[in-house]
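Structure first, then comments.
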Protein chains: 2
Amino acid sequence: MRKRAPKRRRRSATASAVVSSLLETAEAVETRLEAAVSPLGLSLAKLGVLHPLAEAREPLPLSELAQRQHCVRSNITQLVDRLEKDGLVRRRPDPQDRRGVLAALTPAGEQAYTKGMRALVEAQQAIVRTLSAGDAASLKSALNALTS
Amino acid sequence: MRKRAPKRRRRSATASAVVSSLLETAEAVETRLEAAVSPLGLSLAKLGVLHPLAEAREPLPLSELAQRQHCVRSNITQLVDRLEKDGLVRRRPDPQDRRGVLAALTPAGEQAYTKGMRALVEAQQAIVRTLSAGDAASLKSALNALTS
DNA sequence: TGGCGATAGTTCACGAATGAACGATTGGTG
DNA sequence: CACCAATCGTTCATTCGTGAACTATCGCCA
């Protein structure tokens, strides 16, 4: 009947496979989302900056954007540089703090945000739709376990 | 008793959450793996180039590395540049094709590979270990569903 | 009040990845 | 054989992300 002693090995041999699979599908998903918003001249990174700005409905300090984005301040500097070049955001001095700089959404920025968000959500739903309800639930719980 | 008509909305509201969760945990996992190999002066990208070279046990053309890595040729050019600077790989002309360039593992390269691989596998196992057997299985199947 | 340590944003150099353009070489096929 | 399309590797410009170093300003407290 075979299949008694080995067992032990299974785990380790599979570990790398599961992790690789996670990384690869995440990359595939990310690429797909990126493709969904790129026709609008956007990227996930840019959308990630526009998001808190649009939600707050008021200009925010760059450091706040960095915190919400879980990234380093210098990254936001550059991202905002490009967004400004795109005309989606404008920098303006913080009246409360002369060190600070606020990022303000332009009208074009708001518009780009709503369009981009629509495209993004649609793409996300398309992806989740390929999952059975059970798969979705178990995926969610497994990811939660990983994050803890 | 409530809970009859709505239902519809749930799905869409959750789609973005699941996808975001996937992307975020993947990033966290990647960061962890990166941290595991970085003390050895390696990165996942570099290890990804050393891998096929070590497995093949013979020099390989750069284009082959690009294919196996699912990336663009120019990326391999630069990666091999750095690996050469690190003394882990050496470029040599392809005797069969004068357009081609072969990447050959140096002794230091082989050593770095085995050490890096050890560290990587260990980190992967540590991550998977935080998952219950059930979670691991369901994660695997859900990821499979996503990739298809 | 004066001084000083945190905080804010920028700049720079780097790693990783992409895509376009380019020069060399190779392989059919006419 | 001679040409032409495909392939090979590199270079360049661009995006995105990091971390270190720097300047300006803020806020506190001795």
Side-chain angles (χ1 to χ4, degrees), chain A residues 23-24 26-28 30-35 37-50 59-86 88-104, chain B residues 23-24 26-28 30-35 37-50 59-86 88-104:
Chain A
L23 263 31
E24 279 163 31
E27 192 172 333
E30 197 171 347
T31 303
R32 219 171 134 176
L33 298 183
E34 205 82 58
V37 299
S38 88
L40 308 173
L42 290 176
S43 63
L44 294 185
K46 287 181 181 176
L47 211 44
V49 169
L50 298 185
L60 296 177
L62 300 202
S63 11
E64 183 139 347
L65 294 178
Q67 282 176 234
R68 304 214 195 180
Q69 224 52 35
H70 306 293
C71 78
V72 134
R73 280 179 353 266
S74 59
N75 192 25
I76 295 294
T77 297
Q78 301 177 154
L79 235 14
V80 171
D81 282 350
R82 288 177 226 130
L83 285 169
E84 219 170 10
K85 217 153 285 179
D86 294 346
L88 305 184
V89 150
R90 244 182 43 208
R91 262 188 251 258
R92 44 135 112 196
D94 185 337
Q96 258 72 64
D97 185 343
R98 274 196 295 169
R99 296 169 295 181
V101 174
L102 301 181
Chain B
L23 262 32
E24 280 163 29
E27 192 172 334
E30 198 172 345
T31 304
R32 220 172 134 178
L33 298 183
E34 205 82 58
V37 300
S38 87
L40 307 174
L42 289 176
S43 63
L44 293 185
K46 287 180 182 177
L47 210 44
V49 170
L50 297 186
L60 295 177
L62 300 202
S63 11
E64 183 138 348
L65 294 178
Q67 281 178 234
R68 304 214 194 181
Q69 225 50 36
H70 304 294
C71 78
V72 133
R73 278 176 358 261
S74 60
N75 192 25
I76 295 295
T77 295
Q78 301 178 154
L79 236 13
V80 170
D81 282 349
R82 292 177 222 127
L83 285 169
E84 218 170 10
K85 217 153 285 177
D86 294 345
L88 306 184
V89 149
R90 245 180 45 209
R91 261 186 250 253
R92 46 136 111 194
D94 185 336
Q96 257 73 63
D97 184 343
R98 274 195 295 171
R99 294 169 298 180
V101 174
L102 302 181

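Heavy-atom basis, side chains included; hydrogens, waters and symmetry copies ignored. Each chain gets a letter, A, B and so on, in the order the sequences are listed, and its residues count up from 1. Every value quoted in this text rests on a predicted model; they were computed, and no experiment measured them.
- Atom CZ of B:R82 sits about 7.5 Å away from atom OG of B:S43, to the nearest 0.5 Å.
- Across the protein-nucleic acid pair, B:L102 atom CG and D:dC8 atom C1' stand 12 Å apart, rounded to whole Å.
- Picking from D:dT25, D:dC8, D:dT18 the nucleotide with the shortest atom distance to the side chain of A:D97 gives D:dT25.
- In this structure, A:Q78 atom CD and C:dT10 atom C1' are separated by 10 Å, rounded to whole Å.
- The number of heavy atoms from other shown groups lying within 6.0 Å of CZ (B:R90) does not exceed 12.
- As a whole-Å value, the separation of A:L65 CG from C:dT10 C1' is 15 Å.
- Between the B:E84 side chain and the B:R91 main chain, a donor and an acceptor come within less than 3.5 Å of each other.
- Atom C1' of nucleotide C:dA16 and atom NE2 of B:H70 are separated by 17 Å, given to the nearest angstrom.
- Place A:R73 and A:E27 on DNA chain C by their nearest nucleotides, and A:R73 ends up nearer the 5' end.
- Contacts of A:V101 with the nucleic acid, taken as non-hydrogen atoms under 4.0 Å apart, involve only primed sugar atoms and P, OP1 or OP2.
- Using a 4.0 Å cut-off, no side-chain N or O of B:R98 falls inside it from OP1 or OP2 of D:dC8.
- The minimum heavy-atom distance linking A:L65 with A:A103 is given by the pair CD1-CB, 4.0 Å.
- One interatomic measurement links the two molecules: CZ of B:R82 to C1' of D:dT10, which rounds to 14 Å at whole-angstrom precision.
- Between B:S43 and C:dA16, a side-chain N or O to OP1/OP2 separation shorter than 4.0 Å is present.
- Across all strands shown, B:D94 has no heavy atoms under 4.0 Å from either base or sugar-phosphate atoms.
- Between B:R91 and D:dT10, a side-chain N or O to OP1/OP2 separation shorter than 4.0 Å is present.
- When the P atom of C:dC14 is taken as reference, atom CG of A:N75 falls 18 Å away, rounded to whole Å.
- Using a 4.0 Å heavy-atom cutoff across all strands shown, A:L79 reaches sugar-phosphate atoms only and no base atom.
- Among D:dT25, D:dT7, C:dA16, the nucleotide with an atom closest to any side-chain atom of B:R99 is D:dT7.
- Both B:K46 and B:S74 lie near DNA chain C, and the one whose nearest nucleotide falls closer to the 5' end is B:K46.
- Between the P atom of D:dA24 and the CG atom of A:L62 lies a distance of 18 Å, rounded to the nearest Å.
- Considering only side-chain N and O atoms, B:T77 lies nowhere under 4.0 angstrom from the phosphate OP1 or OP2 of D:dG9.
- Here D:dG19 presents its C1' atom at 15 Å from CD of B:E34, a figure rounded to the nearest Å.
- Summarising the geometry, atom CD belonging to A:Q67 is positioned 12.0 Å from atom CG belonging to A:L62; distances are rounded to the nearest 0.5 Å.
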